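Single-structure report; data block below.
Owing to the predicted nature of the structure, the values given are computational and were not obtained by experimental measurement.
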Amino acid sequence: MKILIATDGSEYSRRALDECCRLFGSAGNPEIRIIAVYENIYPMMGEPLALSGEFYQKFEEEARAQAERFVAEAAQAAREKLEGGEITTAVLCGVPEREIIEEAKRFQPDLIAVGSHGRGFWGRLTLGSVSDAVVHHAPCSVFVSRSKKD
């Protein structure tokens, strides 16, 4: 079984990883790909207090380093929970829901696993929802893990 797990380092994505390993880890030797996506910030035209290009470069480096930590931690947790299988990781730059869908098209998993923050209707309307977008646009089944309090 091929599984794509998207992480953002939150407790919600950790829960999705845990549940995914618990539910699907015994299905032979799963092939798991763990990804994290970070977004660049872009300078606004006509900023009143213009920031230097070094600021934006440093921000991108920090965002990438954070995403790399997220996938490394998730991969280590998966290795501890699974008794076999192959685990690969990737760090992608772009809009998270778009990059998850594009990676799914490349990797061709049987399942995508994501966590849900459980923001509700108004939160999804104002902030958007990565899990909601993945559910509606994924080329395969999607497992969305929610906390029990949600």
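Hydrophobic clustering (ILVMFWY, side-chain heavy atoms < 4.5 Å, transitive): Leu23 and Ile34 are in one cluster. Note on Leu82: it clusters hydrophobically with Phe143, by side-chain heavy-atom contacts below 4.5 Å among ILVMFWY residues.
Considering CG of Asn40 and CD of Glu60, their distance stands at 4.0 Å, rounded to 0.5 Å. In this structure, Glu97 CD and Ser131 OG are separated by 10.0 Å, a value rounded to the nearest 0.5 Å. To the nearest 0.5 angstrom, Leu17 atom CG is 10.0 Å from Arg14 atom CZ.
Taking the side chain as every heavy atom from C-beta outward, Tyr12 and Arg146 never approach each other to under 4.5 Å. Side-chain contact between Cys20 and Ile5 is present, with at least one heavy-atom pair separated by less than 4.5 Å. Within the 4.5 Å cutoff, side-chain heavy atoms of Thr88 are placed close to those of Glu86.
With sequence neighbours left out, Glu19 forms a salt bridge (charged side-chain N to carboxylate O under 4.0 Å, His left out) with Arg22. Every residue two or more places apart in sequence or in another chain that forms a side-chain contact (heavy atoms from CB on, under 4.5 Å) with Ser13 is listed here: Thr7, Asp8, Ser10. Listed by chain and residue number, Ile112, Val114, Val134, Val135, Ala138, Val144 satisfy the side-chain contact (heavy atoms from CB on, under 4.5 Å) test with Val142 (two or more places apart in sequence, or in another chain). Ala16 pairs by the side-chain contact (heavy atoms from CB on, under 4.5 Å) definition with Ser145, not counting sequence neighbours. Residues satisfying the side-chain contact (heavy atoms from CB on, under 4.5 Å) criterion with Glu62, sequence neighbours excluded, are Lys58. With sequence neighbours excluded, the residues satisfying salt bridge (charged side-chain N to carboxylate O under 4.0 Å, His left out) with Glu68 are Arg64. Here Ser141 pairs with nothing under the side-chain hydrogen bond (donor to acceptor under 3.5 Å, both in side chains) rule; sequence neighbours left out. For Gln76, the side-chain hydrogen bond (donor to acceptor under 3.5 Å, both in side chains) test picks out Glu80, with sequence neighbours left out. Evaluation of the salt bridge (charged side-chain N to carboxylate O under 4.0 Å, His left out) rule for Lys81 yields Asp18 as partners, not counting sequence neighbours. A search for salt bridge (charged side-chain N to carboxylate O under 4.0 Å, His left out) contacts involving Arg79 returns nothing, not counting sequence neighbours. Not a single side-chain hydrogen bond (donor to acceptor under 3.5 Å, both in side chains) links Glu99 to another residue, sequence neighbours left out.
The two residues Ala90 and Val71 make their nearest non-hydrogen contact at O-CG1, 3.6 Å. Scanning both residues, Val37 and Pro96, for their nearest heavy atoms gives CG1-CA, 3.7 Å. Considering all non-hydrogen atoms of both residues, Ala6 and Ile100 come closest at CB-CD1, 3.6 Å. Nearest heavy-atom pair, His136 versus Asp132, reported as atom, atom and distance to 0.1 Å: ND1-O, 2.8 Å. Across all non-hydrogen atoms, the minimal contact from Gly9 to Phe70 is CA-CD2, 3.5 Å.
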Residue pair Thr89, Ile35: steps toward the side chain to side chain contact (heavy atoms under 4.5 Å, CB included) verdict: CA-CA 6 Å; Thr89 63; Ile35 64 168; over 6 Å; no
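Within the 3.5 Å criterion, the main-chain N or O of Ile32 finds no donor-acceptor partner in the side chain of Lys2.
For residues 105-115, every residue pair satisfying the salt bridge (charged side-chain N to carboxylate O under 4.0 Å, His left out) rule, not counting sequence neighbours, is listed here: Glu102-Lys105, Glu103-Arg106.
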